[in-house]
Every structure is written in structure tokens, then in C-alpha cells.
Amino acid sequence: MSHVELNQITKSFGATSVIPPLDLAIEKGEFLVLVGPSGCGKTTTLRMLAGLESASSGSIRINGRDVTHARPGERDCAMVFQNYALYPHMSVRENIGYAMKVHGTDKAVIAERVTEASRLLGLDPYLDRKPKNLSGGQRQRVAIGRALVRHPQVFLFDEPLSNLDAKLRVEMRTEIKLLQRRLGTTAVYVTHDQVEAMTMADRVVVMRAGRIEQAADPITLYERPANRFVANFIGSPAMNFLNATIADGAVRVGDQVLSLPPDEAARLGARGSVIFGIRPEHMRASEHQAALSFVPEAVEPLGPHTLVLGRLAGEKITAQVDPRFPVTPGAPCTVPIDMTQAHFFDPQTEQRL
Ligand code: ATP
């Protein structure tokens, strides 16, 4: 039995169904990230786990116990919100200990847990400060501290880093991940940021319109996306998709022919129409190299590499090349394609071939 189980969970708001039957099992100690575009149902799923939203049907088990109808306080989950929700008139110490105080926890236990959490989070020097005298990162740590002191079965994070600046976000995501690993507490984390999802998760669940498109570890998602939606969502800049055909061991894009590695040619056979997917970073030299020519419209130097943006057979294309790669907007260029990294999708179902 898994530590957290959602069985055939659905959610409707009035007549609108936002989550069709959804099954999800989370293992003890796992860091699971729910990711997907705005409105896909990530937060609703998390809130149903927390008990802040009731499921329309289906059941939820946490640590073997059916909590489908349990109140939030009875689920042994601790949630960290995007807006921190700290009490402005209370000190850091009081904020962290407040929930335990309300539950009538012994004062000595509260003090001990607050000390433990503040040490873990580096908040000792700030225990007597009010939230307004803290930086965004420190406030976020206090919000995490409030969740930690409860020693919950499950941490639930709802976009906890989205109010922080880019640099702090990167620091805090490492901190949260290390802390979770150290404590071994099961975590469910919601974000719309695929980089956050990929860097923090043991397993990423990609959602669209309330459905799970793919649930896999980050590398599998990147290397073997189950369909075009996942392929497009994971990776930055996004994968290029070109209408193509496969015949005679080669991919044809417009009038250009790219030969396939023999094993791929054998696997794919004569397919006819396909969607050919290639990530910008895989437009590089390799032992199974092909080439694509197109006219660049813009060239964007980023330092470690340069992005070349253009159009090929009417479709947008982005290549990520070495900064020394010779390229000028308006002048046709030919970029190498690593065919071992090519992806193919069915043009009708958009599923991976
Ligand atoms: P975001 O990244 O924008 O927060 P999300 O993936 O977390 O999006 P949800 O907040 O779970 O998405 O919303 C899923 C769908 O349910 C959306 O279409 C939203 O408009 C709808 N929804 C959420 N809460 C309610 C509500 N209380 N009443 C009606 N519709 C709601």
C-alpha cells in the first residue's frame, strides 16, 4: 500500500467538471511534483488532499487511513502556501508555534519543536522579529517552519516560491529539497514552473485539464515524453515540432532528408506522416548526424550558447548552437541534428511513436 492514495477522485464545481476520475499513489518519503499549465487542476488536487476542498467522488487514503471525509486538521498534512499567510502581529517564534498552541500542545514541547525547526531553517537569529522585518526568503522559511513543527505525515506545497525573486527561488528550492530528504517526509509540491518540477522531484506528474498526461522521474520525462503535450511542456527552450514523413530509413521535412540511425529506422519502418520532434539543444554534432537548413530571423546570444530562431516549411524553429557558430539573420544556415535524440509522435493522437 502506498503512503498517499487518491482513488478515482473527481471534482466538479457546480456543473463544471475540473478533475475527471484521477488515480495517484505516492510512496513514503517521495517528493512528488504536480506540474501543468494554469487551470489544469494542480491546486484543486492538492487542496483535496489537504481537506480544504471536498472531493466530489472517490476516496483518499493517507498512511493507510481513509481520510476522504476527514477535516483538514485530522489528516496529518501540513500545507505551505504561496502567500506564506503569516500573522503580522506575531513574532517568528509565535508564528511557528501558533498551530500547536491552538491545539493545546504542552509549552515545553512547543519550545522544543520551534527550536528544532528554526535551527533546521537557519531562523534562530530572527525568532523575536515580526514578519515585516524579514526578507521574502526568511518569511518563506517561517512558513515552512510552521509546517515542520507539526511533524506531519505529508508536506503539501502550493507554489511556495512564486513570490520570490529568481535567485532566491533557486536557493530555496535546493533548501526545501535537502530538508525534505533529511526528514524523509512525503511531499506533494504544486508548481507551474517545469524547471522547479524537474530539479526538485523524485517523480513529476504532468497534468492537463485535470488528467495525468505522464507521471515519471525527471529524466524519463525529458528523454521519453509520452506525447507531444509533455514533450512541449518539459524542456526550455521548448522542443521543435515539424511535420514530416518517414520512408526508406529517413525523415523528410519539406524537401530535406535526414537519415535515421539503423535501429530507429528498423523500429519505425515506413510510417508515412509523423511529427518529428527535436530539442534545440540536440541540434548538434553526433555520430548519427543529419542537418537542417533554414533562414534565421533572429539570433540571441546567451553567453554559454546562442539561440537561432527562424522558420522551416512555415513552422517556427529554434536551434541552440555554440556561440562561435557562424550565423547571421537573413542568411540561410545549416545546423547539425543529433538523430539519436529525435522524437516522433503520431500526428492524429500525438502519442509517442
Ligand atoms: P494555477 O496554476 O493557475 O493555480 P491550477 O492548475 O492550480 O492553476 P486549479 O486552481 O486547480 O488549477 O483550477 C482548476 C480549474 O478549476 C480551473 O478551471 C478553475 O477555474 C476551476 N476552479 C478552481 N476553484 C474553483 C471554484 N472554487 N469554483 C469554480 N471553479 C473553480
Side-chain angles (χ1 to χ4, degrees), residues 37 194 206 208 213-214 220-353:
Q194 54 104 4
V206 182
R208 170 166 63 162
E213 292 287 318
Q214 189 170 9
T220 302
L221 275 191
Y222 177 80
E223 291 182 345
R224 295 190 59 79
N227 53 45
R228 179 182 173 151
F229 177 82
V230 175
N232 184 48
F233 193 76
I234 300 293
S236 177
M239 187 184 283
N240 294 296
F241 299 101
L242 300 167
N243 289 316
T245 52
I246 296 184
D248 305 325
V251 183
R252 279 169 200 274
V253 180
D255 56 3
Q256 305 190 52
V257 178
L258 298 87
S259 76
L260 283 162
D263 52 340
E264 273 295 86
R267 187 180 72 81
L268 291 161
R271 283 276 168 178
S273 297
V274 295
I275 298 167
F276 167 46
I278 186 80
R279 295 192 186 278
E281 60 272 31
H282 294 145
M283 298 169 113
R284 62 177 184 198
S286 97
E287 55 182 303
H288 286 291
Q289 185 178 315
L292 271 178
S293 301
F294 65 99
V295 180
E297 291 170 346
V299 176
E300 299 179 348
L302 296 175
H305 44 251
T306 293
L307 297 183
V308 185
L309 296 87
R311 273 176 190 282
L312 179 59
E315 291 165 289
K316 277 191 189 163
I317 186 161
T318 303
Q320 181 176 298
V321 298
D322 188 273
R324 284 158 302 185
F325 189 84
V327 56
T328 319
C333 76
T334 301
V335 292
I337 304 290
D338 180 352
M339 292 303 284
T340 65
Q341 302 297 326
H343 303 260
F344 298 98
F345 304 96
D346 184 294
Q348 268 78 49
T349 64
E350 301 200 336
Q351 295 300 305
R352 179 182 195 82
L353 294 173

Are any non-hydrogen side-chain atoms of F233 and P37 less than 4.5 angstrom apart? yes
Would a 4.5 Å heavy-atom cut-off, applied to side chains only, mark V299 and T328 as touching? no
Is there a donor-acceptor pair closer than 3.5 Å between any side-chain N or O of R311 and the backbone N or O of P296? no
Keeping Q194 on the side-chain end and G235 on the backbone end, is there a donor-acceptor pair under 3.5 Å? yes
Would the distance check show the side chain of R267 and the main-chain N or O of L353 forming a donor-acceptor pair, the cut-off being under 3.5 Å? yes
With a 3.5 Å distance limit and no angle check, can you tell me whether Q289 reaches the backbone of S286 through a side-chain donor-acceptor pair? yes
Can you tell me if D338 uses its side chain to pair, donor with acceptor, with the backbone of A285 under 3.5 Å? no
Nearest-0.5 Å distance that lies between atom CD in Q320 and atom CD in E300: 11.5 Å
I'd like to know if the side chain of E315 and the backbone of N243 have a donor-acceptor N/O pair within less than 3.5 Å. yes
What class does the angle between the rings of F344 and F276 fall in, given that below 30° is parallel, 30 to 60° is tilted and above 60° is perpendicular? parallel
Is it true that, when you exclude D248 itself, more than 12 heavy atoms of the residues, nucleotides or ligands shown sit nearer than 6.0 Å to its CG? no
Please give me the minimum heavy-atom distance between P323 and G303, naming the atom from each residue. CG-O, 3.3 Å
side-chain hydrogen bond (donor to acceptor under 3.5 Å, both in side chains) partner of N227, chosen from E213, Q214, E350: E213
Heavy-atom donor-acceptor pair, D322 side chain to R324 backbone, under 3.5 Å: yes
Would you confirm whether R352, through its side chain, and P225, through its main-chain N or O, come within 3.5 Å as a donor-acceptor pair? yes
To the nearest 0.5 Å, atom CG of L221 lies from atom CD1 of I234 at 5.0 Å
L312 versus N240: any side-chain heavy-atom pair under 4.5 Å? no
Inter-residue atom distance E264.CD - S259.OG, 0.5 Å rounding: 12.0 Å
From T334, V251, L242, residue fulfilling side-chain contact (heavy atoms from CB on, under 4.5 Å) relative to L292: L242
If we only count heavy atoms from C-beta on, is the V308 to M283 side-chain gap below 4.5 Å? no
Distance to the ring centre below 6.0 angstrom and angle to the axis at most 45 degrees; does that hold for R228 and F345? no
Answer yes or no: is there a side-chain heavy-atom contact under 4.5 Å between H288 and P262? yes
Minimum side-chain heavy-atom gap L309-E297 below 4.5 Å: no
Mind checking whether Q256 and S293 have side chains closer than 4.5 Å, heavy atoms only? yes
Do the non-hydrogen side-chain atoms of I278 and F241 ever get within less than 4.5 Å of each other? no
Closer than 3.5 angstrom, by distance alone: can the side chain of T349 be matched with the main-chain N or O of Q351 as a donor-acceptor pair? yes
